[in-house]
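Reckoned from all heavy atoms, side chains included, excluding hydrogens, waters and symmetry mates. Numbers for residues simply follow the sequence, beginning at 1.
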Amino acid sequence: MRFSHFLKYNAVPEWQSHYLDYNSLKDLIYTLQTKELQLNDQGAEDTSNELDISLKEKLKKKLLFKKKRANSSGTDKTEQAPNSSTVETFSVNNFQDLENNYIEYSSNPNDNKEKTLIQEETIELSNFNTRPRTSTSSYSSSLNSILQDPKDVFIQSLNVQKYKIDEFYKRLENKLLDKYAALINDLLSQNIITPDFKKASTPLPPDLAESVTPEDSEEEEEEEDFTNDNTALLNYKDFNIESQKLSLLKQTITNCYIDLCQLKSFIELNKLAFSKITKKFDKVLKYNTRQELIQSNSLFKDSYTFTNDTIFQLNEKILRLIDFYSIINNYTILESKTELKKLLHDHIIWERSLEWKDMLGLESHDLNHPSLDNTPTANDILLEKLHLTYYKYPLPSFLQLHSKYLTWENAAIPKFFFTWKAAKIAFIFVFTAILLGVKTFNDRVEGRCMALVECCALLWATEAIPLFATAFLVPLLTVLFKVLKNSDGSTMSGAAASSTILSAMWSSTIMILLAGFTLSEALAQYDIARVFASWLLAGAGTKPRNVLLMAMGVVFFLSMWISNVAAPVLTYSLLSPLLDPLDASVPFARALVMGVAIAANIGGLSSPISSPQNVISMDYLKPYGIGWGQFFAVALPTGILSLILAWGLMCLSFNINKTKLEKFVPVKTRFSLKQWFIIGVSLATILLWCVESQIEGAFGSSGQIAILPIVLFFGTGILSTNDLNTFPWSIVVLAMGGIALGKAVSSSGLLSTIALALQKRIQNDGVMSILCIFGVLMLVVGTFVSHTVSAIIIIPLVQEVGDKLPDPKAAPILVFGCALLASAGMGLASAGFPNVTAISMVDKKGNRYLNMMMFLSRGVPASLIVFVCVITLGYGIMHSVLH
């Protein structure tokens, strides 16, 4: 079994990121090997082609030799595949000696080894063919600047991992030892043990069953039928205070034993990981680091975690817990040890079953709704994906057909046609067809465009098909419905319409969106956002209201720069030390989860890249000379005021003051040069966006500025292709579809017609009144459909209405106000990514912190708070800033 799999199987899930990063160190080893091969090759090469041919032949011979050796040899223990049937056994019995219990398996070792060898030699040949041709002297001089000695690089990486493990262990040990000390105090206070940790001389508190009076005997005899085995009915004597205290102490000892055993396994597993990775390094690069660093223990001399004293103290405490357990239960030491091991085994199986299934590639089913009869097998799932299921109805005999090659007895109708999804699609199709056939506008092009808008809006609202699939459908329907016009008012041909609509989809807006995702990924992946956020939370102290305000402030700030999609996820992970000990019923826990969601939504309106709707809106604000500076001047004060009022709402609606909190521990680390580079590029990009209007002659547009962080981060290797693939491309496609729909509606003239009709009805109203009307519409659509979709549909219409009004500030104020209100729909759990994340948060028992009524009772008032802030403070600033 590969050690990387072994490490995953045995790691405590909550501590996963704090173990030695075995895979990255293994990648480093192969990178160092490749560079050393290049150094050896290029140092010995003179420019002749004969040496190239000779070396290629040697590599090919080496490949053939390794193939033969793999076919004839036994098991290669370091490259074997996991055997799922044995995972449970060694995964739960590794606390005494992981090195001895590390058993490796292989389902087909020869095949695996041959594939591995082929891949390695193919990479060697590829590296040889593609390496640059340089002279020995130039190569040697440049090498010193890009490559240190492989051993030094590897040891430096080991030290980084060691310090990371050490820092986490110290924090974890302090937390667990506090629980251990509290247990000792409880045992002493109950007079169960003496100060020297021996059994107390006084007997344990007598059970009430021993003090039954004669008068009670008859009643007890009547109750005997109800106190037999295999029943949940309890006798009155089971409820006495002393027995309850003993039960709680027994459970506390068990939990403390499990925690300390897992803490010990953390040390053992990491030490074994250091041993394995140094062994691999020695094997690949021909060094002796395992003996020099690990077996001699020199690597761990300055480490607290791996010292003998640390292990000794931990073992001593575990043995004491076994002794305490024997005292509580009147067991022998052996009986106590055996039972605690069984409880530890059960805990691991229960806690890690889902993680093991995921790693083994098994299907994970909802444990809250187990049903052995209805659980689909892997084969059932595959058949469901490959084949349609049908309803079959017998045909009349005269329609049935029986022949040698064809049998037709039943009318088979796919079950898909009887689902709600099919009903939604059918309704939208019929309604769209009616709008296409009925004259709704004097201009037929505008009528067809109305049908297009209705079709896309209903598909987005009902989610009959995924949102991004509807976005892909927009350019196709635009061409088929013939809604684009030439400058002279004639209808565009299919070819011209296709070219126009597809070219409009990739715009400066999309580049800004991608740049936002790039900045978000870099700041999150290199822990920059986490470090800053942890220091802010650490400054909040231990008062629940202060911690809540700081948590909301952190997610508000993060949402401005790493999007309000990723920010709540990151914040919840930071708050896990606070949330984990709290049940879902604790008011403070609910306030914290709800407050983070609301603050993330409010943060989504506070910067031009904090949400897709803001990115789209900036494209409509640009013609009015509104850049990043003006946006911040309006959005920041409005967002901050909304945040403070929303925090007050959380404090008033949740009784949070009864919860006692521990001080948040900040992440203490020194930023590397790479992290400072990321911070510098991020700040420079934001600064360039802020002064875009002054440098427009150089860059042309904000989309061109957006290229800088993308090229710098991906070009320098800070982010990889895998990171690019993890971007939320569905959001990008949705934005592209919105741009295409806006282009279609604008080109057809539909927007102008609707705006003129609305102008006649609201021309006597002020800009404030019109903003209120469209703001309410934006809140409703954003709550029930999507924040981004509401901006896509409504903002182009608002712009057209504003342009028809006599006030020159009307259009930018209406567009700006509606753009801010696009993020304010928070009344439902489905309204926006932060709400979806919040409703999915559960405590350790699997109970949700929030329900739908909490979103209605807190989310709707929070939406109204933002609405009032935008149409008062926001409107006033807009009127004075915009020109």
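For the atom pair I602 CD1 and L820 CG, the distance stands at 12.0 Å (nearest 0.5 Å). Note that CD1 of I770 and CD1 of I813 are 10.5 Å apart. Values are rounded to the nearest 0.5 Å. Within the model, atoms CZ of F427 and CH2 of W420 stand 11.5 Å from one another, a figure rounded to the nearest 0.5 Å. Between the CD1 atom in I434 and the CZ atom in F429 there is a gap of 10.5 Å [rounded to 0.5 Å]. Annotation: the span from E454 atom CD to I428 atom CD1 amounts to 7.5 Å, rounded to 0.5 Å. Taken from CZ in F855 to CE in M826, the straight-line distance is 10.5 Å, to the nearest 0.5 Å.
S747 places no side-chain N or O within donor-acceptor distance of the main-chain N or O of A744, the cut-off being under 3.5 Å. A donor-acceptor pair is defined here as one N or O able to donate and one able to accept, closer than 3.5 Å; such a pair exists between the side chain of S617 and the backbone of Q613. Here the side chain of T518 pairs a donor or acceptor atom with the backbone of L514 at under 3.5 angstrom. Between the side chain of S880 and the backbone N or O of I877, at least one donor-acceptor pair lies under 3.5 Å. The backbone N or O of G604 lies less than 3.5 Å from a partner atom in the side chain of N614, making a donor-acceptor pair. Although no hydrogens or angles enter the test, the distance criterion places no donor-acceptor pair under 3.5 Å between the side chain of K439 and the main chain of R444. Checked by atom type and distance alone, the side chain of S607 pairs as donor or acceptor with a backbone atom of M560 at under 3.5 Å. With hydrogens and angles disregarded, no donor-acceptor distance shorter than 3.5 Å links the side chain of N486 to the backbone of D488. Side-chain atoms of N851 come within 3.5 Å of backbone N or O of M854 as a donor-acceptor pair. For Q630 (side chain) and G625 (main-chain N/O), a donor-acceptor pair under 3.5 Å exists by modelled atom type.
Residue C456 comes nearest to T470 through the heavy atom pair O-CG2, 4.0 Å, listed as atom of the first residue, atom of the second, then distance. The minimum heavy-atom distance between S823 and N601, with the atom names listed, is CB-O, 3.5 Å. The two residues V634 and G874 have their closest heavy-atom pair at CG1-O, 3.9 Å. Contact record, P812 with L621: O-CD2, 3.9 Å, taken as the closest heavy-atom pair. Heavy-atom minimum distance, M505 versus I739: O-CD1, 4.1 Å. Residues C869 and L645 come closest through the heavy atom pair SG-CD1, 3.8 Å.
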Exercise for review: Would you check, one step at a time, whether the test side-chain contact (heavy atoms from CB on, under 4.5 Å) holds for K743 with T500?
Suggested key: CA-CA 9 Å; K743 175 68 175 178; T500 301; 3.8 Å; yes

Point to revise | Working for side-chain contact (heavy atoms from CB on, under 4.5 Å), residues L605 and S610 | key: CA-CA 7 Å; L605 62 83; S610 56; 6.0 Å; no

Check your understanding: Are F556 and S606 close enough, and set up right, to give a side-chain contact (heavy atoms from CB on, under 4.5 Å), and what steps lead you there?
Key -> CA-CA 8 Å; F556 174 84; S606 301; 3.0 Å; yes

Exercise for review: Verify side-chain contact (heavy atoms from CB on, under 4.5 Å) between Y849 and M594, making sure each step is shown before the conclusion.
Suggested key: CA-CA 9 Å; Y849 289 100; M594 188 77 197; over 6 Å; no

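The shortest side-chain heavy-atom distance between V681 and L708 does not fall under the 4.5 Å cut-off. Proximity of L436 to R448: side-chain heavy atoms (C-beta onward) are separated by under 4.5 Å at one or more points. The closest side-chain heavy-atom distance from F867 to V776 is below 4.5 Å. Within the 4.5 Å cutoff, no side-chain heavy atoms of P608 are placed close to those of V615. For the pair K424 and I465, the minimum side-chain heavy-atom distance is 4.5 Å or more. Put simply, the side chain of C455 reaches to within 4.5 Å of the side chain of L477, judged on heavy atoms. Counting heavy atoms from C-beta outward, F654 and L548 have side chains that stay 4.5 Å or more apart. Residues I679 and I528 form a side-chain contact, since some pair of their non-hydrogen atoms from C-beta on lies under 4.5 Å apart.
The aromatic rings of F468 and F472 lie perpendicular to each other, with more than 60° between the two planes, well past the 30° mark.
Using a cut-off of 4.0 Å between Lys/Arg side-chain N and Asp/Glu carboxylate O, K485 and D443 are scored as salt-bridged.
Under the 6.0 Å cut-off for aromatic ring centres, Y624 and F816 do not qualify, their centroids lying 6.0 Å or more apart.
In this structure, R545 is not positioned above the aromatic face of F588 in the sense of NZ or CZ being under 6.0 Å from the six-membered ring centre and within 45° of the axis.
The 12-atom threshold is not exceeded at NZ of K482, counting heavy atoms of other residues, nucleotides or ligands nearer than 6.0 Å.
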